[in-house]
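For reference, positions follow the sequence shown, starting with 1.
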Amino acid sequence: MSDHTTISSAVEAELMQLVALHRLLDFAISQSLEGNTDDRILEGVVILTRMIGRKVRCVTSKILDGEGSGCD
């Protein structure tokens, strides 16, 4: 008997958004490390970091508590 978890298409979409946000963050940080740093890039890194944290908490809550809660 295997322990297999299925997720809804809504949670799958949230996870895909999380991956996209992470890729944007990776790009912003790589630009910063290459010396292309200005206030907009650093501001973007902060905003993306916060958005990813919120999205992770939301998706985790949806998976663990059921899918009734909504994400922004």
Partner residues of Glu12 under the side-chain hydrogen bond (donor to acceptor under 3.5 Å, both in side chains) criterion, sequence neighbours left out: none

Check: Asp38 side chain, Ile41 main-chain N or O, donor-acceptor pair, under 3.5 Å: yes

Atom pair SG/CD of Cys58 and Gln17 - distance to nearest 0.5 Å: 9.5 Å

Shortest non-hydrogen contact from Thr49 toward Val45: OG1-O, 2.7 Å

Nearest-0.5 Å distance that lies between atom NZ in Lys55 and atom CG in Leu48: 12.5 Å

Side-chain (Thr60) to main-chain (Val56) donor-acceptor, under 3.5 angstrom: yes

Verdict with reasoning, Leu33 to Ile29, per side chain to side chain contact (heavy atoms under 4.5 Å, CB included): CA-CA 6 Å; Leu33 292 174; Ile29 290 173; 4.0 Å; yes

Nearest atoms (heavy-atom pairs only) where Leu25 meets Ile52: CD2-CD1, 3.7 Å

Working for side chain to side chain contact (heavy atoms under 4.5 Å, CB included), residues Phe27 and Arg23: CA-CA 6 Å; Phe27 175 75; Arg23 287 180 179 163; over 6 Å; no

Spatial distance of atom CD1 (Ile47) from atom CG (Leu21) [nearest 0.5 Å]: 11.5 Å

